[in-house]
Amino acid sequence: MVAHLLRLKLTLLRNGLRRSPLQLVGMAFAGLYALGLVGMLVVVLVLLRNAPHDLAYAAVVLGGSAAIVGWGIVPVVASATDMTLDPARFTTFAIPMNQMLAGLALGGLIGIPGLATSLVALATVVTWSRAVLPALAAFAGAVLGVMTCVVIAKVVTTATASLAASRRFKDISAVAFMVPLVLMGPIVAGVGQGISSSAGFLPGFARMLSWTPLGAPWSIAGDVAAGEPGAAALKLLLSAATLAALAWAWKVLLERALVTPPYAGSGKRKGGKLGLVGVLPAVPAGAVMARCLTYWFRDPRYSGSLVVIPLLPVVLLFQGSQTGDYTSLAFLAPMSAFILAWSISADVSYDNTAFALHLATGVRGVADRLGRALACLAFALPVVLVFALGYSAFTGDWGALPGQLGLSLGVLFTGLGLSSVVSARYTVAVPLPGDSPFKKPPGNVGQTLAVQFGGLVLLMVLVLPEAGLLAAQLVTGNRIFGWINLGAGTALGLCLFVAGVRLGGKWLDARGPELLAQVAVNR
């Protein structure tokens with residue numbers, strides 16, 4: 001039965017790659033990336049063979065502990081974990097529990113994460129191949145460490161199966177996963193600086209971790225090489241006991257999951273509450289605005305943009321602290337205005353077949369365009385104002401505020417008008433409703449790139465007057481150009497906003513059914 005489960009895992013993986021060429025290409029790129037990372041780590045572990053004992057000990061224990069923590073955390077925050085052998089699918093099959101546990105655990109090694117972790121763990125045998133006994137101990141520790149990684153991931157996924165079946169949990173985890181991605185630069189630099197400034201602390205920290213379930217399996221060989229067989233034996237027992245306890249917990253959770261599989265239904269909902277629809281004006285544009293605001297805060301494909309915006313000042317402040325020049329903060333308000341305004345350029349594509357609701361109810365194109373733009377403007381305008389004021393308060397240069405506000409408001413209003421036209425004319429391939437915002441479905445990639453690049457160029461052309469006035473203020477130092485920019489940018493932006501809403505509404509009335517047909521094809 002164990003061999004059958006392994007063959008099933010391989011068959012499902014092979015069939016998935018045959019069915020989707022895009023998935024095959026994606027896995028090839030992921031494999032190349034993993035191969036490069038694994039190769040680098042293996043080279044480091046090989047070089048540590050001739051390094052001082054304390055350095056090799058600290059590197060192996062800290063790296064192995066981080067691997068176990070990663071295997072325990074990633075299944076929680078990643079909304080697209082590998083569930084090809086989902087235990088819920090075996091509910092109706094009388095498979096002995098011990099055989100199922102063994103098959104699912106070994107099946108967890110099949111895949112890029114499992115293979116990469118196994119190769120790096122086995123490379124520790126080379127690190128401790130200074131004698132026969134440390135090498136054998138390293139092999140035993142690698143096996144225990146890798147199996148601990150796999151089983152802890154299974155425990156976490158089984159324990160959170162009911163949460164993972166929840167649409168709200170998927171949405172929150174997908175958005176939360178974007179935070180470390182945006183802050184990857186500051187995080188990596190901060191960790192690097194912390195390690196370099198606390199190099200003397202790391203060996204002691206590794207010694208402490210070696211007596212915990214995280215570091216115990218990775219420290220066995222180091223203790224044997226240091227002539228401490230008693231400590232090595234105790235850590236071997238601790239590692240085996242940890243693996244046994246995790247396997248027992250997984251067995252208990254799996255038994256419950258097989259009896260009562262998680263249900264992804266929505267449950268009962270209380271009626272009588274209209275939400276934003278009951279708050280905003282009872283006109284077509286107000287109804288569209290209420291619907292779009294609901295999407296902005298509940299759909300991770302939209303709310304992902306809202307997560308990125310407050311992280312931009314953190315990234316720019318970190319960049320300025322590294323160079324001592326905070327000039328890049330001057331682009332914070334205009335950049336945020338562009339990101340938020342351009343985010344509705346694919347509104348109809350994100351609606352997908354729900355766009356039929358707008359056609360069936362006979363909403364005029366102008367009302368549709370205006371409602372969507374006002375929904376974005378409801379929070380984009382306060383964000384732009386706060387960022388512009390924050391920059392002046394941070395630098396103390398209040399004379400630059402009018403000019404920066406003029407450019408930022410011009411970009412915001414002009415971008416909303418341009419997005420209202422673009423989304424009424426073109427559709428692009430976007431993640432389907434309910435999918436992860438990181439998923440990129442196959443589709444009109446060429447048209448998507450052309451629309452995005454063309455829209456960016458056109459927006460830059462449309463805001464040239466505001467950019468020119470701001471440049472004139474910076475060159476001459478005359479603040480009158482800033483005040484002119486504030487008035488001209490606001491007026492010109494509002495004019496282009498109105499023109500874009502009207503033109504987009506006209507196009508939407510003319511080709512609404514064609515748009516619905518196009519988004520239906522993208523499914």
(request) Apply the test side chain to side chain contact (heavy atoms under 4.5 Å, CB included) to residues Arg425 and Val348: give CA-CA distance (whole Å), side-chain angles for both, the deciding distance (0.1 Å), then the verdict. (result) CA-CA 10 Å; Arg425 180 62 182 83; Val348 174; over 6 Å; no
(message) Can you tell me how far apart OG1 (Thr127) and CG (Asn50) are? Round to the nearest 0.5 Å.
(response) 10.0 Å
(message) I'd like to check the side chain to side chain donor-acceptor pair (under 3.5 Å) partners of Thr117; sequence neighbours left out, ordered by chain and number.
(response) Trp71
(request) Please report the shortest heavy-atom distance between Val146 and Ser118, naming the atom on each side. (result) CG1-OG, 3.7 Å
(request) Please round to the nearest 0.5 Å and tell me the distance separating atom OG of Ser239 and atom CG of Leu214. (result) 10.5 Å
(message) If I take atom CZ from residue Arg372 and atom CD1 from residue Ile344, how far apart are they, to the nearest 0.5 angstrom?
(response) 8.5 Å
(request) Work out which heavy atom in Val422 is nearest to a heavy atom in Ser345; give both atom names and the distance. (result) CG1-O, 4.0 Å
(request) Over all heavy atoms of both residues, which pair between Val42 and Leu119 is shortest? Give the atoms and the distance, please. (result) CG2-O, 4.3 Å
(message) By the definition side chain to side chain contact (heavy atoms under 4.5 Å, CB included), identify the one residue from Ser219, Pro134, Pro229 that meets it with Val224.
(response) Pro134
(request) Would you check, one step at a time, whether the test side chain to side chain contact (heavy atoms under 4.5 Å, CB included) holds for Ile309 with Phe387? (result) CA-CA 10 Å; Ile309 295 301; Phe387 282 171; 3.7 Å; yes
(request) Report the residue from Val60, Leu45, Leu48 that forms a side chain to side chain contact (heavy atoms under 4.5 Å, CB included) with Trp128. (result) Val60
(message) Nearest 0.5 Å, please: how far is NZ in Lys235 from CH2 in Trp218?
(response) 14.5 Å
(message) Give me the atom names and distance for the closest heavy-atom approach of Phe379 to Ala375.
(response) CE2-O, 3.2 Å
(message) If we ignore hydrogens and angles and just use 3.5 Å, is the side chain of Arg49 paired with the main-chain N or O of Arg130 as donor and acceptor?
(response) no
(message) Looking at Met208, I want to see if its CE is surrounded by more than 12 non-hydrogen atoms of other residues, nucleotides or ligands under 6.0 Å.
(response) yes
(message) If you compare all heavy atoms of Cys376 against all heavy atoms of Leu340, which two are closest, and at what distance to 0.1 Å?
(response) SG-O, 3.1 Å
(request) Using the test ring pair (Phe, Tyr, Trp, His ring centres under 6.0 Å), find all partners of Tyr350 that sit at least two apart in sequence or belong to another chain. (result) Tyr302
